Amino acid sequence: MHDTLRINGQRLLGRLERLGEIGALPGGGCCRLALTEEDRQGRELVIGWMHELGLEVTSDAMGNAFGLRPGTEAGPPVMAGSHIDTVRTGGIYDGNLGVLGGLEVVETLNEAGITTRRPLCIAFFTNEEGARFAPDMMGSLVYVGGMSLEEARATEGIDGQRVGDCLDAIGARGEAPVGRPEVHAFVEIHVEQGPVLEESGITIGAVEKVQGISWQELTFTGTSNHAGTTPMRLRQDAGYAAMATGAFVRELVNRIGGDQVGTVGALDIKPNLVNVVANHARFTVDLRNTDNDRLKQAEDELKAFVEQLAEREGIDVEHRTLARFDPVPFAPEMVNRVEASARALGHSVMRMPSGAGHDAQMLARVCPTAMIFVPSVDGISHNIHEYTAPEDLEAGTNVLLQVLLDLAE
Ligand code: GLV
Ligand code: MN
Ligand code: MN
């Protein structure tokens with residue numbers, strides 16, 4: 001109906017760059033770990049923009065924030081959103097595009113004087129990244145009832161601080177009850193964060209599903225001893241066990257093949273000295289697959305490996321699950337809407353799975369949900385060099401505009 005309406009790409013980019021100044025890192029990108037002072041400043045900026053655009057702003061007890069734009073009729077809004085927290089070495093697009101793309105749609109509608117039938121709502125969810133506090137997608141998980149507020153608040157981060165204390169400290173804890181407003185449909189635009197669209201020469205990804213995610217923390221406890229005098233047969237070496245497990249993860253993932261990926265991304269070794277056998281090694285394993293059976297196979301094999309290794313080495317192993325989400329398919333009619341809108345705007349489009357986790361996978365539990373991907377140059381993300389070309393940001397956000405209008409009319 002409003003198929004000649006277009007968003008303003010410059011304005012969108014201006015907001016992305018302005019938000020990227022908060023927690024900016026030397027050389028580009030930014031660090032706005034969840035519930036830090038930088039996150040507080042980012043929230044303040046985005047909520048300020050929501051007010052400027054005339055949105056009715058609320059936040060819930062989990063710090064999820066919502067900007068509502070009333071429709072001509074009452075009822076559950078069509079929601080667009082994502083997150084504004086980043087990993088420690090983040091880019092300026094991951095998550096931020098989904099929120100600021102939503103605000104750009106609102107400003108476009110404001111300028112054109114269009115009121116949709118259903119209300120629209122632009123949201124950002126707390127701690128999507130999970131880099132400081134596991135699991136990832138925590139705010140949206142609590143929002144859809146998949147984790148209690150109490151459990152989330154009690155979660156301890158990598159720095160020993162708790163979610164609840166940090167929410168309170170930065171003033172992010174809101175008054176609105178968790179799980180409000182109810183949602184008619186949810187749409188998230190996001191950078192792909194992988195190489196597929198660029199390699200295929202395609203502008204828009206219509207995301208069909210998000211792959212399953214398994215995050216585990218393993219801790220080996222051995223005995224520290226002298227590196228020169230301790231015969232190999234007498235060692236209880238936690239450092240060796242961690243490294244052997246890291247190598248096993250790569251071998252396992254290669255053997256399973258297909259979509260299976262695996263990462264040892266964090267490692268803490270003690271006493272961390274050149275001439276001392278390590279008595280402590282704590283590290284994380286991130287396993288993902290679009291196929292849940294294969295993902296379970298990878299988890300089982302990893303478990304068997306570390307148990308045998310610990311026994312052979314005469315050390316203890318402790319196992320903690322940080323996150324575990326099954327693969328999430330999106331409603332086919334929503335995927336079709338993204339594909340059809342992209343085509344109607346003259347963009348090339350392909351259906352694809354998401355390798356990264358997203359708030360959309362949680363919203364899919366409570367409403368029809370879609371994701372729009374735009375290309376990531378060189379497939380780089382969670383890196384300060386993350387980049388998406390302005391014309392691709394604009395193309396994707398125009399698709400968002402059309403999908404939201406379609407859903408709200
Ligand atoms: C979080 O968004 C992840 O995919 O790691
Ligand atoms: Mn993200
Ligand atoms: Mn991310």
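Computed from a predicted model, the values in this text were never measured in an experiment. Whatever order the structure lists ligands and atoms in, that order sets their numbers, starting from 1. Side-chain atoms are counted along with the backbone in the values below, which use heavy atoms only and exclude waters and symmetry mates.
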Legend entry - Option with minimal heavy-atom separation from atom 3 (C) of ligand 1, where the choices are Q361, H358, R288: R288
Legend entry - Under 2.8 Å: N/O/S of E128 next to the Mn ion (ligand 2): no
Legend entry - CD/E111: more than 12 non-hydrogen atoms of other groups inside 6.0 Å: yes
Inset, instruction - Let me know which of L287, L295, I213 forms a side-chain contact (heavy atoms from CB on, under 4.5 Å) with R324. - result: L295
Legend entry - Ring centroid separation H358 to F373 under 6.0 Å: yes
Inset, instruction - Look at H190 and state whether any of its N, O or S atoms is less than 2.8 Å from the Mn ion (ligand 2). - result: yes
Legend entry - Heavy-atom nearest neighbour in the protein, as seen from atom 2 (O) of ligand 1, with distance rounded to 0.1 Å: E128 OE2, 2.8 Å
Legend entry - Sub-4.0 Å heavy-atom approach of H83 to ligand 1: no
Inset, instruction - Give the atoms of ligand 1, by number and element, whose distance to some non-hydrogen atom of A356 is under 4.0 Å. - result: 4 (O)
Inset, instruction - List every atom of ligand 1 that sits less than 4.0 Å from any heavy atom of D136, numbering the atoms from 1 in the order shown and giving each element. - result: 1 (C), 3 (C)
Legend entry - Lys/Arg N to Asp/Glu carboxylate O, R132 vs D159, below 4.0 Å: yes
Legend entry - D85 side chain vs E128 backbone, donor-acceptor pair below 3.5 Å: yes
Legend entry - T219: which of R320, R282, H319, H280 passes side-chain hydrogen bond (donor to acceptor under 3.5 Å, both in side chains): R282
Inset, instruction - Below 4.0 angstrom from a heavy atom of E129, which ligand 1 atoms are there? Numbered from 1 as shown, please. - result: 1 (C), 2 (O)
Inset, instruction - To the nearest 10 degrees, calculate the angle at the Mn ion (ligand 3) involving OE2 of E129 and OD2 of D94. - result: 90°
Inset, instruction - Without swapping roles, check the side chain of T86 against the backbone of C30 for a donor-acceptor pair under 3.5 Å. - result: yes
Inset, instruction - Check whether any N, O or S atom of H83 sits under 2.8 Å from the Mn ion (ligand 3). - result: no
Legend entry - Exam field: side chain E104 to backbone N8, donor-acceptor pair closer than 3.5 Å: yes
Legend entry - For atom 4 (O) of ligand 1, the protein heavy atom that lies nearest, with its residue and separation: G357 N, 2.7 Å
